[in-house]
Amino acid sequence: MKSKENTDVLVIGFSPAGLMAARNIARKGLKVILIDKKDEPGNPSHPSNTFFKAMMDVAGEEIDDSYIIHRLKGAKIFAPSGKYVVVESPGYFIDRSKFDILYAQRIKDEGVDIRMSVEAYNVIRSNGRFTVSTSIGPITSKLVIVSDGINSKLASLLGLNPVKYPDDIAWAMEAEVTANNIGENDYFEYHVGSIAPGWKSTYSPCGGDKATLGVYVRRNGDDVSSFFENWITKFKKEKGLDSMTIGEKKVGGDPIATIPSQIVSDGVLVTGGSAGQSGIGYGMRAGQICGDVAAESILRNDTSTGFLSKYKKMWNDEFRYEYYLGRVALETLRKMSDKEIDNLMETFIDEDISSIAGTPVQKGIKMARIMLKNNPRSMLSMLAILRNK
Ligand SMILES: Cc1cc2nc3c(=O)[nH]c(=O)nc-3n(C[C@H](O)[C@H](O)[C@H](O)COP(=O)(O)OP(=O)(O)OC[C@H]3O[C@@H](n4cnc5c(N)ncnc54)[C@H](O)[C@@H]3O)c2cc1C
């Protein structure tokens, strides 16, 4: 017989945002169930397995040795010409399954009731409560948090358009590759330009003979396999590799700088990739804010859109400028020719861009200063944003 469950909050999706939202609600002594259709924590559908310390700092989460596979000193950003700048910033290649399992145990210890192999089908609102039909039967709750990832079906079922610029999703293809010593490098490499329009192609070393190669492409459709093949060819040539084994290709959408839109309605909050809040660290922070507001709304007995909008306001206060500037930067990059990117890169070659810190606006001003000092004409390349492309 199908079970009937009752909870204060139901979180749908064991995403970085969903697990933080659930944790922060449980910390307030409320009953929270977190469901996911996957059989167990870990094993993400796409390999989201790298981050920088600075990104986890955003969420206030300590790096834990247990999930680190390879430590890196930072990233090299390559122009099409092959010239590059170095950003010194500690980064990690992680075992994403170990990461997820560690967090599953942690949030369980804080009181979250995790149910794997449970799929949510629909959400019905009636008399101020929700009934979510799931593969184990209906679950009723006062509030629902949707964190079901980039292709969120539940947000659409609830009539929400949680992402402002869905056409900006960076469609990605990534694969683990094996070659002699390919993993023995201290820096991630990001290559920009026509090799991956609008975002980047990546080389992420993970020690020994293993690395991952990927492409993240914006506004060129969701089949990015031809960009991936070009990247493999270029990479092998540049690294002088005669043979390299390519593992299973994984695909997915990265909602980088797609900007949250309708992320609250009566009794509903949307968080993480489904809300255009991309990345592990940034997703976790968004989930924390979401969980705090959700808990407060239950404790005050006010789950109205008006009260829950506090979540959007708090997120806006922390991240709006960074996301909007990020979007402008990616759009400018997408519209620039390879030659323009090469010229722009020259401007930064001998500069220590790792020291460009501060708020997004401060970072923008510091970069503009470098451009004005080294090559005032390079400012003109920013006009690419105005191109109709
Ligand atoms: C190829 C690729 C590589 C990436 N690499 C990185 C990286 O290295 N570092 C980084 O920070 N970011 C990376 N990203 C960005 C990534 O999208 C985010 O970091 C993050 O993992 C995505 O979280 P999310 O909120 O979208 O949810 P997800 O992690 O996708 O989780 C959503 C969960 O919801 C569950 N679910 C969905 N529907 C239902 C349902 N109806 N019922 C129950 N459960 C459901 C799914 O099973 C899933 O577990 C990458 C993206 C792509 C596409």
Side-chain angles (χ1 to χ4, degrees), residues 10-21 33-52 54-56 58-59 61 69 72 75 91-97 99-100 103-104 114-123 132-136 139 144-157 162-163 169-176 188 190 199-202 204 206 212-217 222 224 228 248-258 260 270-287 290:
L10 178 68
V11 180
I12 304 168
F14 186 97
S15 67
L19 64 92
M20 284 289 105
I33 298 179
L34 167 58
I35 61 168
D36 198 293
K37 62 185 179 182
K38 285 189 307 194
D39 293 345
E40 54 190 3
N43 242 339
S45 55
H46 54 68
S48 181
N49 49 16
T50 61
F51 51 61
F52 292 95
M55 292 171 174
M56 291 302 272
V58 167
E61 290 297 303
I69 293 179
L72 296 109
Y92 309 91
F93 196 110
I94 66 163
D95 181 325
R96 183 60 197 271
S97 283
F99 178 89
D100 281 5
Y103 272 97
I114 305 177
R115 310 279 180 87
M116 302 307 286
S117 303
V118 179
E119 181 166 2
Y121 300 133
N122 204 352
V123 184
V132 179
S133 56
T134 78
S135 49
I136 55 158
I139 301 178
V144 170
I145 294 181
V146 174
S147 57
D148 58 350
I150 182 82
N151 297 315
S152 182
K153 290 198 181 64
L154 293 158
S156 337
L157 281 172
V163 176
I169 290 171
W171 291 100
M173 179 173 275
E174 231 180 50
E176 187 175 275
F188 293 112
Y190 301 143
W199 194 203
K200 60 182 178 181
S201 57
T202 61
S204 305
C206 49
T212 58
L213 296 181
V215 289
Y216 296 69
V217 179
D222 58 7
V224 296
F228 183 77
E248 187 193 347
K249 294 169 193 160
K250 306 242 175 130
V251 293
D254 182 355
I256 179 87
T258 48
V270 188
T271 193
S274 38
Q277 299 155 333
S278 170
I280 299 170
Y282 280 71
M284 288 174 114
R285 177 62 195 138
C290 176

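In listed order, ligands and their atoms are each counted from 1.
For ligand 1, the polar-atom distance check finds no N/O of K250 at less than 3.5 Å from any of the ligand's N/O atoms. On a distance-only criterion, I280 and ligand 1 share at least one N/O pair closer than 3.5 Å. The shortest N or O to N or O distance between N49 and ligand 1 is below 3.5 Å. For ligand 1, the polar-atom distance check finds no N/O of S278 at less than 3.5 Å from any of the ligand's N/O atoms.
The presence of a protein heavy atom under 4.0 Å from atom 51 (C) of ligand 1 is confirmed.
Ligand 1 lies nowhere less than 4.0 angstrom from a heavy atom belonging to K249. Residue contacts with ligand 1 include K38, since one or more of its heavy atoms lies under 4.0 Å from the ligand. Within the 4.0 Å heavy-atom shell around ligand 1 one finds V118. At least one heavy atom of G253 lies less than 4.0 angstrom from ligand 1.
Rounded to the nearest 0.5 angstrom, T271 OG1 and I12 CD1 are separated by 13.0 Å. Atom CD1 in I35 sits 7.5 Å away from atom CD1 in I136 (nearest 0.5 Å).
Of the possible donor and acceptor atoms, none in the side chain of T202 sits under 3.5 Å from a partner among the backbone N and O of S204. Put simply, the side chain of D148 gets close to the backbone of L154: a donor and an acceptor are under 3.5 Å apart. T258 places no side-chain N or O within 3.5 Å of a backbone atom of I169 that could act as its donor or acceptor partner. With S135 contributing its side chain and E119 its backbone, the two residues share a donor-acceptor pair below 3.5 Å.
Protein heavy atom in closest approach to atom 30 (O) of ligand 1: G149 CA, 4.0 Å. For atom 17 (O) of ligand 1, the closest non-hydrogen atom on the protein side is H46 CE1, 3.8 Å. Nearest protein heavy-atom contact of atom 15 (C) of ligand 1 is D254 OD1, 3.6 Å. Regarding atom 27 (O) of ligand 1, its nearest protein heavy-atom neighbour is S15 CB, 3.2 Å. Here the protein heavy atom with the shortest distance to atom 47 (O) of ligand 1 is D36 OD1, 2.8 Å. Nearest protein heavy-atom neighbour of atom 53 (C) of ligand 1: G252 C, 3.4 Å. Counting protein heavy atoms only, atom 42 (N) of ligand 1 is closest to A120 N, 2.9 Å. In this structure, atom 2 (C) of ligand 1 lies nearest to the protein heavy atom Y216 OH, 3.7 Å.
With a 4.0 Å heavy-atom cut-off, ligand 1 is reached by the backbone of S147 but not by any atom from C-beta on. Contacts between M56 and ligand 1 below 4.0 angstrom, taking non-hydrogen atoms only, are absent altogether.
Considering every non-hydrogen atom in both I256 and A170, the closest pair reads CG2-CB, 3.8 Å. Shown here for I114 and A104, the closest heavy-atom pair between the two residues is CD1-O, 3.5 Å. Between I94 and T50, the closest heavy-atom pair is CG1-N, 4.4 Å. Across S201 and V215, no two heavy atoms sit closer than the pair CB-CG1, 3.8 Å.
Of the candidates S48, A170, G283, the one placing a heavy atom closest to atom 20 (C) of ligand 1 is S48. Of the candidates V224, T50, L34, it is T50 that places a heavy atom closest to atom 8 (O) of ligand 1. The nearest non-hydrogen atom to atom 24 (P) of ligand 1, considering only G273, G279, G276, comes from G273.
With ligand atoms numbered from 1 in the order given, ligand 1 contributes 23 (O), 29 (O) to contacts under 4.0 Å with heavy atoms of P16. Interface of I12 with ligand 1, defined as ligand atoms under 4.0 Å from a residue heavy atom, comprises 42 (N), 43 (C). Close approach to I150 involves these atoms of ligand 1, each under 4.0 Å from a residue heavy atom: 26 (O). Shown in contact with G13 at under 4.0 Å from a heavy atom are these atoms of ligand 1, numbered in order with element: 33 (C), 34 (O), 35 (C). Annotation for ligand 1: atoms under 4.0 Å from non-hydrogen atoms of R96 are 21 (O). Numbered from 1 in the order shown, with element, the atoms of ligand 1 that lie under 4.0 Å from a heavy atom of G272 read 25 (O).
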Begin with the C-alpha distance, continue with both residues' side-chain angles, and end with the deciding distance and a verdict on side-chain contact (heavy atoms from CB on, under 4.5 Å) for L19 and F14. CA-CA 6 Å; L19 64 92; F14 186 97; 3.7 Å; yes
Using side-chain contact (heavy atoms from CB on, under 4.5 Å), reason through R115 and I33 one step at a time and then give a plain yes or no. CA-CA 7 Å; R115 310 279 180 87; I33 298 179; 3.9 Å; yes
Could you check V251 against M173 for side-chain contact (heavy atoms from CB on, under 4.5 Å), going step by step and ending with a plain yes or no? CA-CA 4 Å; V251 293; M173 179 173 275; 3.5 Å; yes
For the pair Y92 and F99, evaluate side-chain contact (heavy atoms from CB on, under 4.5 Å) and give the outcome as yes or no after the intermediate values. CA-CA 12 Å; Y92 309 91; F99 178 89; over 6 Å; no
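Sparse packing is recorded around NZ of K153, with 12 or fewer heavy atoms of other residues, nucleotides or ligands lying under 6.0 Å away.
Relative orientation of the Y190 and F188 rings is parallel, given thresholds of 30° and 60° on the angle between their planes.
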